[in-house]
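Written out below as structure tokens is the structure these notes cover.
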There are 2 protein chains.
Amino acid sequence: MARRVSSPITDEQLATVARALANPARVRILRLLAAQDQCRGSEVFAQLPLAQSTISEHLRVLKQAGLISSHPVGTGMVYCLQRGPADQLLRAVGEIVDKVPECDTRAEGRHH
Amino acid sequence: MARRVSSPITDEQLATVARALANPARVRILRLLAAQDQCRGSEVFAQLPLAQSTISEHLRVLKQAGLISSHPVGTGMVYCLQRGPADQLLRAVGEIVDKVPECDTRAEGRHH
DNA sequence: CACCTCTATCGTCTATAGACGATAGACGAT
DNA sequence: ATCGTCTATCGTCTATAGACGATAGAGGTG
């Protein structure tokens with residue numbers, strides 16, 4: 001029970017990371033990036049059926065949440081997954097889920 | 001490579017579960033439930049600094065996302081965590097995160 | 001230098017989220 | 001039967017999310 005690296009994420013922080021995942025387009029982008037390590041912006045723009053400005057906004061949200069990083073390359077940008085916040089979310093949700101005692105809501109009911 | 005129980009979650013589905021986690025009050029509720037297996041509604045209402053109607057709405061969202069279940073008991077309700085959707089989220093995010101190649105955005109940049 | 005490609009930002013619009021109070025409805029207890 | 005407690009729903013309001021087109025600006029390329 002030592003090992004408290006990257007302190008226990010707060011409700012706010014967890015909600016913030018979750019909010020970044022709370023949009024199908026952003027999930028799609030993350031999975032795109034996961035499929036190829038890194039990805040040029042123009043490829044991302046080409047893969048989604050959304051306006052370039054919309055996708056750029058999604059990228060901004062993901063970056064702000066720390067889920068991706070970006071750097072300029074040639075005439076464009078390259079986007080890249082980052083583990084940090086996703087790991088925190090995994091750990092926090094994992095801790096919640098591990099507490100589930102298989103109570104599926106019909107134990108010791110009202111049959112008094 | 002068999003074992004495809006609860007098929008690979010879609011972008012939409014993952015986003016939906018994430019959206020349920022995308023609010024601090026709901027995270028708080030989940031953690032409350034995790035801390036005590038199950039929880040009477042009145043306790044939940046008492047723990048959060050929000051109107052009862054607001055909390056009831058949050059419980060509805062969590063239930064609709066499949067993250068909790070509920071059943072009547074005595075004169076009230078009991079809420080209870082459910083693993084299913086949270087597990088799917090863990091698996092999906094885990095798969096994304098596992099692909100991260102430690103590219104932290106400054107590799108092979110523009111120093112051509 | 002002029003051009004062209006790529007990305008970010010701005011302004012706008014619509015839809016959804018999240019909060020509240022008021023109230024309805026279920027159910028046990030008296 | 002009446003009452004009191006507990007929860008869900010309704011209506012409303014405000015704030016935020018998410019989409020778009022237009023446009024600005026950075027930075028290679030010819």
Side-chain angles (χ1 to χ4, degrees), chain A residues 11-12 14-30 32-33 38-65 67-80 105-106 108-112, chain B residues 11-12 14-30 32-33 38-65 67-80 105-106 108-112:
Chain A
D11 297 344
E12 277 287 353
L14 177 47
T16 296
V17 179
R19 190 174 298 117
L21 296 174
N23 181 287
R26 288 196 288 270
V27 173
R28 172 92 176 270
I29 292 173
L30 290 178
L32 263 180
L33 298 189
Q38 57 180 37
C39 198
R40 302 197 309 110
S42 53
E43 294 181 61
V44 181
F45 295 149
Q47 293 292 327
L48 304 203
L50 292 172
Q52 178 269 327
S53 56
T54 302
I55 298 173
S56 182
E57 168 71 4
H58 284 312
L59 288 167
R60 191 189 64 75
V61 172
L62 289 172
K63 183 171 182 177
Q64 182 171 314
L67 290 168
I68 67 174
S69 61
S70 64
H71 71 279
V73 104
T75 176
M77 296 289 277
V78 163
Y79 299 92
C80 188
T105 232
R106 52 203 146 88
E108 42 142 341
R110 71 161 59 140
H111 50 31
H112 94 297
Chain B
D11 297 344
E12 276 287 353
L14 177 47
T16 296
V17 179
R19 190 174 298 117
L21 295 174
N23 181 287
R26 287 196 289 269
V27 174
R28 173 92 176 271
I29 291 172
L30 290 178
L32 262 181
L33 297 191
Q38 57 179 37
C39 198
R40 302 198 310 111
S42 53
E43 295 180 61
V44 182
F45 295 148
Q47 292 294 327
L48 305 201
L50 293 172
Q52 178 269 327
S53 57
T54 302
I55 298 173
S56 182
E57 168 70 4
H58 284 313
L59 289 168
R60 192 189 63 76
V61 172
L62 290 172
K63 184 171 181 176
Q64 181 171 313
L67 290 168
I68 66 173
S69 61
S70 64
H71 72 280
V73 104
T75 177
M77 295 289 278
V78 163
Y79 300 92
C80 188
T105 235
R106 54 206 144 86
E108 44 145 338
R110 73 160 57 143
H111 50 29
H112 93 297

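Proteins come first, then strands; the chains are lettered A, B, ... in the order of their sequence lines, and each starts at number 1. Heavy-atom basis, side chains included; hydrogens, waters and symmetry copies ignored. Here the structure is a predicted model, which means the values were calculated and not measured.
Atom CD1 in I55(A) sits roughly 11 Å away from atom P in dA8(C) (whole-Å rounding). The distance from atom CD of E57(B) to atom P of dA22(C) is 19 Å, rounded to the nearest whole Å. We find that CD of Q64(A) is positioned 15 Å from C1' of dG18(D), with the value rounded to whole Å. Taking atom CZ on R28(A) and atom C1' on dA19(D), their separation rounds to 17 Å, with Å as the unit. Note: CE (M77(A)) to C1' (dG28(D)) measures 15 Å, nearest angstrom. Between D11(A) atom CG and dG18(C) atom P there is a gap of 14 Å when expressed in whole angstrom units. For L48(B) and dA19(C), the CG to C1' distance is 13 Å, given to the nearest whole Å. Protein atom CZ of R60(B) is 16 Å distant from nucleotide atom C1' of dC20(C), rounded to whole Å.
In summary, of the residues considered (I68(A), L33(A), I29(A)), a side chain to side chain contact (heavy atoms under 4.5 Å, CB included) with C39(A) occurs for L33(A) alone.
Here the shortest heavy-atom pairing between F45(B) and S56(B) reads CE2-N, 4.0 Å. Minimum interatomic distance between V27(B) and L21(B) (heavy atoms only, all atoms of both residues): CG2-O, 3.4 Å. Closest of all the heavy-atom pairs between R26(A) and R19(A) is NH2-O, 3.2 Å.
At dG18(D), none of the side-chain N or O atoms of T54(A) fall inside 4.0 Å of OP1 or OP2 (strictly under the cut-off). One finds a side-chain N or O of H58(A) lying less than 4.0 angstrom from the OP1 or OP2 phosphate oxygen of dA19(D).
In the set dC20(C), dT7(D), dA17(D), the nucleotide with an atom closest to the side chain of Q52(B) is dT7(D). Here the nucleotide nearest the side chain of Y79(B), chosen from dA8(D), dA19(C), dT7(C), is dA8(D). In this structure, of dG18(C), dT9(D), dC6(C), it is dG18(C) that holds the atom nearest to the side chain of N23(B). Checking dC6(C), dT9(C), dT9(D) against every side-chain atom of S42(A), the shortest atom distance belongs to dC6(C). When distances run from any side-chain atom of T75(B) to the nucleotides dG21(C), dT5(D), dA8(C), the shortest one goes to dT5(D). Taking the side chain of S53(A) as heavy atoms from C-beta on, and the options dC20(D), dA22(C), dA19(D), the nearest nucleotide is dC20(D). The side chain of R26(B) lies closest to dG18(C) when the candidates are dT7(D), dC20(D), dG18(C).
Between the T16(A) side chain and the E12(A) main chain, a donor and an acceptor come within less than 3.5 Å of each other. Between the side chain of R40(A) and the main chain of V73(A), no donor-acceptor pair closer than 3.5 Å is present.
Of the residues near DNA chain D, F45(B) and R19(B), the one whose nearest nucleotide (by heavy atom distance) lies more toward the 5' end is F45(B).
At the heavy-atom level, S56(B) lies under 4.0 Å from base atoms of the strands shown. Residue-level contact check: L59(B) touches neither bases nor backbone, having no heavy atom under 4.0 Å from any strand.
Both distances falling under 3.5 Å, in either a Watson-Crick or a G-U wobble arrangement, place dA29(C) opposite dT2(D).
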